[in-house]
**Student:** 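Quick one: the structure is below, questions incoming.
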Amino acid sequence: MIMKKTAFSLSLVVPAVLLLVASPASADTISLVLSNPIQSGAPGSNLTFAATVSAPVANGAAVFLNADNYGINIAGPNSIDDSGFLLNFPLSLAQGADFTGTLFTIALPSNLLPGVYNGFFEIHGGADAIAQNLLATANFQISTQTQSPVPEPGAWVLLATGLGILAAGIADNSLRTRLARRASS
């Protein structure tokens, strides 16, 4: 009976000691900071977002930047072009390294209603070229205002022609009135 008690006690104490002695696992991280996270633009325009990504010196090794994910609450087809990240950002960052460049571009639809739109951009990666851990997220905001309609050149020509005809009609009427007064006097 004493043997069973000792074995049972050891089976509880050994895992507890191992949990206390084991060093906590730490995943390598990066920092992602957008240089201008709040932008405004007119419907039909493009907005470019630049960012700095950096790996802390405390990381155990280089961090691979393998993939991205993004979203914005604009209805319709996706308007985010992430080729800035895919083509320009490094494949990995060594401890203490950083990189600044164009992260993504957003094409605002020409029929976009005025308002505030929120989005996010995530970088995935990790310790090797196939890791897909979420490393960092950056939030951004876009606002659009209504555009006052700008008349087309044809509208200006039509307006000028109409005003010219109106002025000619007033001048002709005034001339007839003066001639009629002279004739009656």
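Predicted model, so just to flag it, every value in this text is computed and none were measured.
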**Student:** Say you draw a straight line from CG of Leu113 to CG of Asn111; how long is it, rounded to the nearest 0.5 Å?
**Tutor:** 7.5 Å
**Student:** Looking at CD1 of Ile142 and CG of Leu108, how far apart are the two atoms once the value is rounded to the nearest 0.5 Å?
**Tutor:** 5.5 Å
**Student:** Is a side-chain donor or acceptor of Asn59 paired with a backbone partner of Thr29 at a separation under 3.5 angstrom?
**Tutor:** yes
**Student:** When the aromatic ring centroids of Phe89 and Phe99 are compared, is their separation below 6.0 Å?
**Tutor:** yes
**Student:** Donor-acceptor pair, distance only, cut-off 3.5 Å: does the side chain of Asn66 make one with the backbone of Ala131?
**Tutor:** yes
**Student:** Is it true that Leu103 and Phe120 fall in one hydrophobic cluster, defined by side-chain heavy atoms closer than 4.5 Å?
**Tutor:** no
**Student:** Can you hop from Val53 to Phe64 via hydrophobic side chains spaced under 4.5 Å?
**Tutor:**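 Hydrophobic grouping puts Val53 apart from Phe64.
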**Student:** Only pairs under 3.5 Å count here: list side-chain donor-acceptor contacts from residues 31-51, not counting sequence neighbours, and write none if there are none.
**Tutor:**
unit_1: Ser35; atom_1: OG; unit_2: Ala50; atom_2: O; d: 3.2
unit_1: Gln39; atom_1: NE2; unit_2: Asn36; atom_2: O; d: 3.2
unit_1: Gln39; atom_1: NE2; unit_2: Thr48; atom_2: O; d: 3.0
unit_1: Ser45; atom_1: OG; unit_2: Ala42; atom_2: N; d: 3.3
unit_1: Ser45; atom_1: OG; unit_2: Ala42; atom_2: O; d: 2.6

**Student:** Answer yes if Val116 and Ile74 sit in the same cluster of Ile, Leu, Val, Met, Phe, Trp and Tyr residues linked by side chain heavy atoms under 4.5 Å apart, and no otherwise.
**Tutor:** no
**Student:** List in chain and number order the residues that pass side-chain contact (heavy atoms from CB on, under 4.5 Å) with Asp98, two or more places apart in sequence or in another chain; answer none if no residue qualifies.
**Tutor:** Thr52, Ser54
**Student:** Taking atom CG as the centre, does Leu163 end up with more than 12 heavy-atom neighbours from other residues, nucleotides or ligands that are less than 6.0 angstrom away?
**Tutor:** yes
**Student:** Give, for atom CG of Asp68 and atom CD1 of Ile123, the distance between the pair rounded to the nearest 0.5 Å.
**Tutor:** 7.5 Å
**Student:** Inspect the surroundings of CD1 in Ile130 and state if more than 12 heavy atoms from other residues, nucleotides or ligands are less than 6.0 Å away.
**Tutor:** no
**Student:** Are the side chain of Gln95 and the backbone of Gly60 linked by a donor-acceptor contact shorter than 3.5 Å?
**Tutor:**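 It does hold such a pair.
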**Student:** Run the ring pair (Phe, Tyr, Trp, His ring centres under 6.0 Å) test on Phe104 and Phe121 for me, step by step, so that the C-alpha distance in whole Å, both residues' side-chain angles and the decisive distance to 0.1 Å come before the verdict.
**Tutor:** CA-CA 9 Å; Phe104 61 95; Phe121 194 93; 5.0 Å; yes
**Student:** Indicate the atoms forming the closest heavy-atom contact of His124 with Gln132, along with that distance.
**Tutor:**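 So the two residues come closest at ND1-O, 3.5 Å.
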**Student:** When rounded to the nearest 0.5 angstrom, what distance separates OG1 in Thr102 from CG in Leu87?
**Tutor:**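 Going from the OG1 atom of Thr102 to the CG atom of Leu87 covers 11.5 Å.
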**Student:** Looking at Pro90 and Leu65, what are the two nearest heavy atoms and their distance?
**Tutor:** O-CD1, 3.6 Å
